[in-house]
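Note on naming: letters A, B, ... go to the chains in the order of the sequence lines (proteins, then strands), and numbering restarts at 1 for each one.
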There are 2 protein chains.
Amino acid sequence: MRSDDLRAENRHRLLSTLRADGPSSRTHLGEASGLSQAALSNLLGDMIEQGILTSSNNSKAGEVRRGRPQSTISLNPMAGQGIALSLVNDRCVIRATDYSGELIYTNELHLDTKAADQQSLLTTFTDQINLGLHENKALPLRAISVGFQGVTDPLQGQFLWSPVISMRKLPVAKTLEQNFNVPVAVNNDCLLIAKALHQIQSSVLTDNFSTILLSCGLGMGMYLSGEPFTGIKSSGLELGHIRYRPGGARCRCGKSGCIEAYASDYGLRRSACNTKDLHSPLGLVSRDQLSSLCRQARGGDKKALQAFSEAGQALGYGLSNVFSLFDPMPVALVGPDEQIFELMHDDIIESMSSSSREQLDFDQLIHTYENADNLLQQGLHFDAMENIDKQLAHLNSQMAV
Amino acid sequence: MRSDDLRAENRHRLLSTLRADGPSSRTHLGEASGLSQAALSNLLGDMIEQGILTSSNNSKAGEVRRGRPQSTISLNPMAGQGIALSLVNDRCVIRATDYSGELIYTNELHLDTKAADQQSLLTTFTDQINLGLHENKALPLRAISVGFQGVTDPLQGQFLWSPVISMRKLPVAKTLEQNFNVPVAVNNDCLLIAKALHQIQSSVLTDNFSTILLSCGLGMGMYLSGEPFTGIKSSGLELGHIRYRPGGARCRCGKSGCIEAYASDYGLRRSACNTKDLHSPLGLVSRDQLSSLCRQARGGDKKALQAFSEAGQALGYGLSNVFSLFDPMPVALVGPDEQIFELMHDDIIESMSSSSREQLDFDQLIHTYENADNLLQQGLHFDAMENIDKQLAHLNSQMAV
DNA sequence: CATTATTTTTTCATGGCGTGAAAAAATAGC
DNA sequence: GCTATTTTTTCACGCCATGAAAAAATAATG
């Protein structure tokens with residue numbers, strides 16, 4: 001490690017603090033980083049000159065204080081932009097934020113993902129990103145963060161398998177990096193949701209927690225020791241394919257009796273429709289279909305209620321396995337707009353408490369969130385911004401903005 | 001981060017390299033650390049002066065080379081000593097190594113752990129350590145590393161639960177730190193074995209792997225992303241108490257049908273002795289009893305063979321759950337001297353392959369080790385030495401040796 | 001309206017750190 | 001004894017963070 005690495009690391013720390021805490025005074029930055037005022041003056045002055053930060057004389061209306069007023073340091077929006085690309089079901093969403101994290105572009109299109117081949121998908125992505133860049137030519141693109149349902153390979157930047165796409169090994173990062181000449185991160189949607197929750201709910205979901213995403217299938221993400229767990233070979237973890245009822249309902253993965261075969265969009269729908277035939281084909285479930293299923297259950301429909309109950313039990317079983325393997329930890333249940341977990345809450349708790357050694361306070365551990373799409377977007381933006389922070393921290397020579 | 005932190009980190013990196021690779025030339029240290037020859041000269045010179053390292057003119061017999069001969073840098077044995085204390089079953093082992101990692105003291109005594117109260121245990125530990133220190137007065141004690149069977153709390157340095165001890169919350173670290181005024185680490189035996197394997201078998205068991213320890217109960221340790229996973233609340237992980245056969249054999253934890261109730265010393269013995277009564281009391285199983293069980297199975301005893309088969313299936317079930325949750329990863333099965341896993345190997349594989357999605361090469365993934373005691377000791381020594389490395393790296397002022 | 005008190009920010013001299021180039025040291029070959 | 005070769009140390013340099021002092025910017029005071 002060399003002297004300039006030291007400087008880069010201190011710069012990075014300052015940027016991260018500003019990203020997490022918002023515009024801050026030098027005093028706050030000093031406390032958070034442990035650096036001296038002199039060092040701050042030096043580092044911040046450099047970064048302001050480089051166009052990474054801005055300094056403003058904030059005069060808070062209410063407060064009148066003696067002495068030289070504090071200046072507020074902020075991330076300079078003009079330092080660049082990051083693009084978030086997500087593909088969930090048939091929706092491809094492209095959004096961009098400036099360096100301060102403000103949304104500056106958003107677009108969305110529907111794709112026939114099942115029919116698309118590798119080349120057409122990659123071309124679509126490229127075109128859509130170009131469309132967004134055209135709207136904000138002044139801001140240099142510095143990072144792209146991509147989120148998919150399914151199994152991704154973050155190291156290779158590949159996309160390995162998804163319920164909505166027919167091909168395998170889609171080299172997203174390689175293609176986009178070539179086309180745009182910026183780093184491209186490819187991650188699983190659950191991990192990105194975990195990143196968003198970690199940032200937002202940092203008081204509750206701190207060092208160790210899991211996220212369970214019920215959308216198209218059943219996904220899982222995890223933070224361990226304060227770090228997002230990016231998996232061993234593929235991204236994140238899989239709760240859905242733990243064996244739950246051997247010989248039971250058929251799962252999309254080919255096996256029978258997986259947790260996902262009960263606790264997922266298609267599992268729920270199948271249970272509710274025809275309780276006899278659990279080996280029926282596993283088509284995609286639209287958001288509307290899931291909504292109407294929730295309405296049926298709330299309306300008292302017996303079969304629907306039974307489906308949610310079974311899903312809750314399966315999910316509780318899976319979580320109790322996780323709690324056995326690890327210690328009990330906070331869990332975020334993330335679903336679509338419908339308050340879907342409300343319908344299984346009691347069954348989840350019951351299934352978990354029947355198989356846990358100690359008495360647990362589940363209200364403290366289980367948190368539900370109903371805005372999966374939003375969280376995914378936030379996670380993507382945060383991931384892209386983090387990447388830009390890292391780049392700019394290591395930029396010790398002058399930069400052109 | 002300040003300039004002296006930088007120096008400390010570079011010092012630490014050099015010490016770690018020397019610890020892992022043994023006595024090395026400056027050339028090797030330069031390549032491993034990326035530091036310049038000038039920096040090396042400076043850093044190493046300091047540490048030699050401080051008595052942390054030694055430099056020797058090695059003249060390798062075979063090789064005759066032109067030019068100034070390389071000097072070899074080694075860890076100075078006289079820089080201090082670390083103590084390893086372990087309590088497994090009724091055996092309390094105290095060993096000490098000098099700073100180069102050479103064993104300089106070993107002692108062992110049998111304790112009636114079930115009968116001992118908190119105070120007497122702590123006093124025994126203190127006395128035993130003092131005994132060891134008396135033998136090597138010249139070397140200052142710099143770290144103590146403690147390993148226990150059971151559940152530990154590494155952060156608090158507490159010992160929470162063990163099959164062989166009747167009390168809870170034994171504040172080992174606090175007491176020993178007060179008595180000896182050095183840092184004391186308290187860890188689970190499985191994690192320490194994982195540390196030893198990581199160091200020794202670093203080619204196979206690298207960034208992500210699990211260790212399963214079959215001794216008194218069924219323990220588990222894990223490396224994730226190259227770091228030992230020290231658990232969320234307690235140490236490490238628990239494979240043993242995943243529900244395997246609801247309503248099945250009684251487990252020591254109070255529940256029924258845990259994996260451990262089948263795949264452990266007491267599970268094996270119970271299955272082999274009286275297949276009818278799986279709710280029988282769960283006494284401790286001596287090493288001799290386990291040995292004779294292995295002999296019976298090798299001799300063809302049907303009940304014994306059946307017991308090992310069931311244990312293998314249970315273990316395979318647990319591992320397939322882990323492989324589902326994470327991706328497949330290397331697993332080290334660690335047992336006592338007997339080649340115990342040989343007797344369950346086929347059942348483990350069968351149980352795993354029947355429930356894994358992909359075809360796995362289990363010979364590549366599953367490794368067995370038969371020297372649990374040895375590995376634990378190595379892990380303890382390594383842990384203590386690592387701790388000393390960290391201390392000495394941060395010691396920038398002169399030290400008295 | 002000028003002066004003083006107070007608070008924030010920058011400047012400056014200093015010591016520490018790693019680097020590259022040059023010098024010194026240590027050995028084999030001739 | 002001289003030269004070639006390789007390793008190690010020394011030295012001047014630029015960079016980094018620090019503490020103390022100076023400068024800047026405002027409120028209170030008279």
Side-chain angles (χ1 to χ4, degrees), chain A residues 1-14 23-50 53-74 393-398, chain B residues 1-14 23-50 53-74 393-398:
Chain A
M1 206 178 187
R2 303 180 322 183
S3 295
D4 29 328
D5 295 328
L6 180 68
R7 189 175 181 83
E9 198 169 312
N10 283 333
R11 281 168 66 115
H12 187 103
R13 219 174 273 189
L14 291 173
S24 311
S25 67
R26 281 175 148 84
T27 319
H28 176 71
L29 292 173
E31 281 166 7
S33 66
L35 291 167
S36 66
Q37 281 298 323
L40 245 48
S41 188
N42 184 340
L43 291 168
L44 295 176
D46 257 27
M47 290 198 278
I48 289 169
E49 209 169 277
Q50 291 178 319
L53 300 179
T54 56
S55 173
S56 67
N57 290 5
N58 72 325
S59 43
K60 271 185 188 166
E63 214 165 352
V64 261
R65 288 201 306 168
R66 218 161 155 171
R68 179 172 176 171
Q70 294 186 129
S71 60
T72 300
I73 308 292
S74 318
H394 283 81
L395 191 71
N396 271 2
S397 52
Q398 292 293 322
Chain B
M1 206 176 185
R2 301 180 323 184
S3 294
D4 29 330
D5 294 327
L6 179 69
R7 191 175 179 83
E9 199 171 308
N10 283 332
R11 282 167 64 115
H12 187 98
R13 217 172 276 188
L14 291 173
S24 311
S25 67
R26 281 174 149 84
T27 318
H28 175 71
L29 291 173
E31 280 165 10
S33 66
L35 291 167
S36 66
Q37 281 298 324
L40 244 48
S41 189
N42 185 342
L43 291 167
L44 295 176
D46 257 26
M47 290 198 278
I48 289 169
E49 209 168 278
Q50 290 178 321
L53 300 178
T54 56
S55 173
S56 67
N57 292 6
N58 73 325
S59 43
K60 272 186 188 166
E63 212 165 350
V64 260
R65 289 202 305 167
R66 220 160 155 170
R68 181 172 174 170
Q70 293 188 126
S71 60
T72 301
I73 309 292
S74 319
H394 284 80
L395 191 72
N396 272 1
S397 54
Q398 294 294 321

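- Residues B/R66 and A/R66 both approach DNA chain C. Their nearest nucleotides, taken by heavy-atom distance, put A/R66 toward the 5′ side.
- Between B/R68 and B/L43, it is B/L43 whose nearest contact on DNA chain C lies nearer the 5' terminus.
- The interatomic distance linking A/H28 (NE2) with C/dT7 (P) rounds to 21 Å, in whole Å.
- By the side-chain contact (heavy atoms from CB on, under 4.5 Å) test, B/S36 is found to be paired with B/A38, B/A39, residues two or more places apart in sequence or in another chain being considered.
- As a whole-Å value, the separation of B/D5 CG from D/dC15 P is 22 Å.
- Within the 4.5 Å cutoff, the side chain of B/R7 has heavy atoms near those of the B/L43 side chain.
- A sub-4.0 Å separation between OP1 or OP2 of C/dT8 and a side-chain N or O of A/Q70 is present.
- Proximity of A/R7 to the phosphate of D/dC16: a side-chain N or O atom is located under 4.0 Å from OP1 or OP2.
- Side chain of A/S36, nearest nucleotide from D/dA17, C/dT11, D/dT9: D/dA17.
- Between B/Q50 and B/R11 the shortest side-chain heavy-atom distance falls below 4.5 Å.
- C/dG15 atom P lies 17 Å from atom CZ of B/R2, rounded to whole Å.
- Within the structure, a side-chain polar atom (N or O) of A/S71 is placed less than 4.0 Å from OP1 or OP2 of C/dT9.
- Remark: A/S3 is not in phosphate contact with D/dC16, judged by side-chain N or O atoms under 4.0 Å from OP1 or OP2.
- The CD atom of A/Q37 sits 17 Å away from the P atom of D/dA21 (whole-angstrom rounding).
- For the side chain to side chain contact (heavy atoms under 4.5 Å, CB included) criterion with B/P23, the lone passing option out of B/L53, B/T54, B/T72 is B/T72.
- Remark: B/Q37 engages B/R26, B/L40 in a side-chain contact (heavy atoms from CB on, under 4.5 Å) (not counting sequence neighbours).
- If you take CD of B/E9 and P of C/dG16, they are 20 Å apart, rounded to a whole angstrom.
- Looking at the side chain of A/S41, the nearest of the listed nucleotides D/dT9, D/dT18, C/dT10 is C/dT10.
- The distance from atom CD1 of B/I73 to atom C1' of D/dT9 is 13 Å, rounded to the nearest whole Å.
- D/dA17 atom P lies 15 Å from atom CZ of A/R26, rounded to whole Å.
- Where B/T27 and A/N10 each meet DNA chain D at their nearest nucleotide, the meeting point lying more 5' is that of B/T27.
- Rounding to whole angstrom units, CG of residue A/L6 and C1' of D/dG14 are separated by 15 Å.
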